Amino acid sequence: MDNYYAPYGVSDEIFQLSEKVLQDLAPSFARLDRATEKRQLRVIQALQEANLRESALQGSTGYGSYDAGRQALEEAYASYFRTEAALVRMQFSSGTHVLATCLRGLLRPGQEVLIVSSEVYDTLQATLDLSDQYKDQNLGSLGDFGISHKIVDLLPDGGFDYAGIEAALTPKTSLIYVQKSLGYSQRPCLLNRQIGEIVKFIKDLRPDLPIMVDNCYGEMVEDEEVTAYGADVCAGSLIKNLGAGLAESGGYVCGRQDLIDRIAAAMTAPGIGAEVGPSLGQNTKLIKGFYMAPHVVREALKSAMHAAGLLAALGFAVFPDAQAERGDIVQRIALGDPQALINFCEQIQFASPVDASFAPVPSPMAGYDCDIIMASGSFVQGSSIELSCDGPLRPPYNAYLQGSLSFTNGRLAVMKAAQTLIARE
């Protein structure tokens with residue numbers, strides 16, 4: 001077959017191997033296409049039920065009171081997530097910002113949050129008082145307000161430790177926290193049905209106990225969102241899946257009305273809550289991002305599946321496997337060597353539409369305990385639904401690949417990165 005990627009630096013050997021991987025993945029891609037079609041129909045229905053009007057797309061300034069576009073979008077999110085309410089705001093600047101706001105809104109002095117999915121993302125550790133780097137700086141961590149935490153690790157097979165969770169519950173436990181995606185850990189992503197099982201287990205023990213899920217990277221990957229499995233709250237960033245590369249900032253929270261009210265008060269102020277928050281002309285991008293999300297998430301998933309198949313064929317350990325059931329868009333690749341990690345990320349950057357002439361350099365990053373290398377030639381800074389790859393410069397030197405607005409771009413980048421890895425051997 002004609003190697004039409006050759007003008008872009010892809011060898012015949014790698015192209016033919018990629019073609020073989022795509023042939024093997026054809027049935028999986030067909031199933032993904034059908035699932036995406038169903039999700040797209042649900043999004044269309046959610047926007048229709050919210051009675052979205054063209055006149056509401058322009059947005060608001062100042063206080064942002066009575067923003068019809070924002071209201072319609074939040075109603076659509078609540079409909080899609082099958083929840084009572086939603087908070088979808090461009091004022092959230094990152095997933096960590098959203099999650100920290102949720103924790104501050106849902107917890108009070110003397111209470112305890114029980115984390116049942118092993119350690120949280122590096123960037124959230126300072127909020128929980130887990131980071132030595134920020135201890136005793138009085139920055140407003142939960143510990144500064146007398147809120148404690150416990151962590152129950154997942155079992156070696158990636159499942160929940162039911163006995164450990166039950167033993168960790170005390171009268172102080174006021175919130176259960178689950179991180180769906182893996183972060184920079186070695187564990188697998190949790191599937192929504194797995195989370196649903198632990199939700200039922202905990203609710204049987206403590207029906208009053210709210211359960212919150214960090215849903216970053218997991219939206220629109222599975223047939224149902226985690227709130228359909230009983231989670232009381234889920235939250236994430238709009239420069240990940242649900243923004244589809246169109247949202248330029250923002251985050252969302254979906255869940256029970258009373259919990260959303262508390263989180264909204266933490267976002268703004270008690271007594272004001274969700275009533276304010278100007279959209280500043282961003283409504284069209286946020287709404288269109290939600291509309292385009294099923295399609296873009298499919299492109300990202302196809303890119304991840306192809307990457308897993310190609311790199312596994314070259315002898316690299318990958319997780320999840322190309323054909324595996326997925327709960328998020330992240331593909332972990334075990335490279336085992338710092339220079340291999342750097343070279344891999346360089347090729348992802350060189351294949352990007354923005355800043356393709358720049359080589360990423362490992363450097364310090366807020367919230368991390370080591371240098372991070374990050375390739376992200378994206379239209380929106382830090383957007384990880386766009387093609388990106390990053391990893392900490394610490395053993396075992398894993399690359400974490402995610403996103404791609406276009407499968408073609410994701411395929412090109414991984415073929416070039418794979419070619420570089422072979423050349424090093």
Side-chain angles (χ1 to χ4, degrees), residues 94-96 98-99 115-125 127-128 130 151-161 176-198 212-222 225-226 231 234-237 239-241 297 300-301 303-305 307-308 311-312 316-336 341 344-345 348 365 367-370 372-376 382 384-385 387-404:
S94 69
T96 302
V98 181
L99 299 170
I115 302 161
V116 299
S117 50
S118 300
E119 284 197 359
V120 298
Y121 291 118
D122 293 55
T123 52
L124 196 62
Q125 292 189 11
T127 296
L128 290 160
L130 289 166
I151 298 176
V152 177
D153 288 333
L154 295 170
L155 297 173
D157 64 359
F160 288 106
D161 182 355
I176 300 293
Y177 185 94
V178 183
Q179 178 179 297
K180 179 174 169 58
S181 194
L182 62 159
Y184 282 155
S185 73
Q186 302 300 299
R187 70 159 174 90
C189 171
L190 295 168
L191 300 174
N192 287 340
R193 56 178 169 76
Q194 290 178 284
I195 298 174
E197 291 166 2
I198 199 63
M212 172 186 165
V213 177
D214 168 2
N215 204 31
C216 288
Y217 303 100
E219 302 92 349
M220 296 192 179
V221 172
E222 301 179 65
E225 299 298 327
V226 70
C234 74
S237 166
I239 60 171
K240 295 184 173 66
N241 300 21
V297 169
L301 287 170
S303 298
M305 293 160 70
L311 292 163
F316 291 93
V318 298
F319 192 90
D321 294 336
Q323 305 277 5
E325 184 178 7
R326 289 176 181 261
D328 66 8
I329 63 170
V330 180
Q331 181 63 51
R332 189 176 80 216
I333 304 130
L335 298 173
L341 174 58
F344 189 91
C345 289
I348 302 300
M365 188 173 251
Y368 295 94
D369 63 359
C370 67
I372 305 292
I373 185 164
M374 182 169 292
S376 180
S384 46
I385 188 58
L387 180 63
S388 59
C389 186
D390 51 276
L393 266 291
R394 65 190 182 207
Y397 303 106
N398 287 333
Y400 296 84
L401 179 75
Q402 58 270 317
S404 194

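Just so it is clear, the structure is predicted and the values come from calculations on it, not from any experiment.
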What distance separates [X] [atom1] from [Y] [atom2], expressed to the nearest 0.5 Å?
{"X": "D321", "Y": "R326", "atom1": "CG", "atom2": "CZ", "answer": "8.5 Å"}
{"X": "I239", "Y": "I385", "atom1": "CD1", "atom2": "CD1", "answer": "11.0 Å"}
{"X": "L190", "Y": "D328", "atom1": "CG", "atom2": "CG", "answer": "9.5 Å"}
{"X": "M212", "Y": "I115", "atom1": "CE", "atom2": "CD1", "answer": "10.0 Å"}
{"X": "L341", "Y": "Y400", "atom1": "CG", "atom2": "OH", "answer": "9.5 Å"}
{"X": "Q194", "Y": "F160", "atom1": "CD", "atom2": "CZ", "answer": "6.5 Å"}

Please walk me through it: do V116 and D161 pass side chain to side chain contact (heavy atoms under 4.5 Å, CB included)?
CA-CA 8 Å; V116 299; D161 182 355; over 6 Å; no
Stepwise, does the side chain to side chain contact (heavy atoms under 4.5 Å, CB included) test hold for L311 with F344?
CA-CA 11 Å; L311 292 163; F344 189 91; 4.0 Å; yes
Which heavy atom in [X] sits nearest to a heavy atom in [Y], and how many Å separate them?
{"X": "A399", "Y": "C389", "value": "CB-SG, 3.9 Å"}
{"X": "L182", "Y": "S185", "value": "O-OG, 2.6 Å"}
{"X": "G403", "Y": "I329", "value": "N-CD1, 3.9 Å"}
{"X": "L393", "Y": "C370", "value": "N-SG, 3.9 Å"}
{"X": "A307", "Y": "L401", "value": "CB-CD2, 3.6 Å"}
{"X": "C216", "Y": "G236", "value": "SG-CA, 3.7 Å"}

I'd like to know if the side chain of [X] and the backbone of [Y] have a donor-acceptor N/O pair within less than 3.5 Å.
{"X": "S376", "Y": "S388", "value": "no"}
{"X": "N241", "Y": "Y217", "value": "yes"}
{"X": "Q331", "Y": "M305", "value": "no"}

Suppose we screen for side chain to side chain donor-acceptor pair (under 3.5 Å). Which residues come up paired with [X], at least two apart in sequence or across chains?
{"X": "S117", "answer": "none"}
{"X": "Q186", "answer": "N398"}
{"X": "S384", "answer": "none"}
{"X": "Y184", "answer": "D390"}

Scan residues 177-194 for pairs that pass salt bridge (charged side-chain N to carboxylate O under 4.0 Å, His left out), counting only residues two or more places apart or in two chains.
K180-E222, R193-E325
State which residues pass side-chain contact (heavy atoms from CB on, under 4.5 Å) with T127; sequence neighbours excluded, sorted by chain then number.
A100, L103, L124, L142
With side chain to side chain contact (heavy atoms under 4.5 Å, CB included) as the test, would you mind laying out the steps for D214 and V120 before giving the verdict?
CA-CA 9 Å; D214 168 2; V120 298; over 6 Å; no
Can Q125 and E119 be said to form a side chain to side chain contact (heavy atoms under 4.5 Å, CB included), step by step?
CA-CA 8 Å; Q125 292 189 11; E119 284 197 359; 3.4 Å; yes
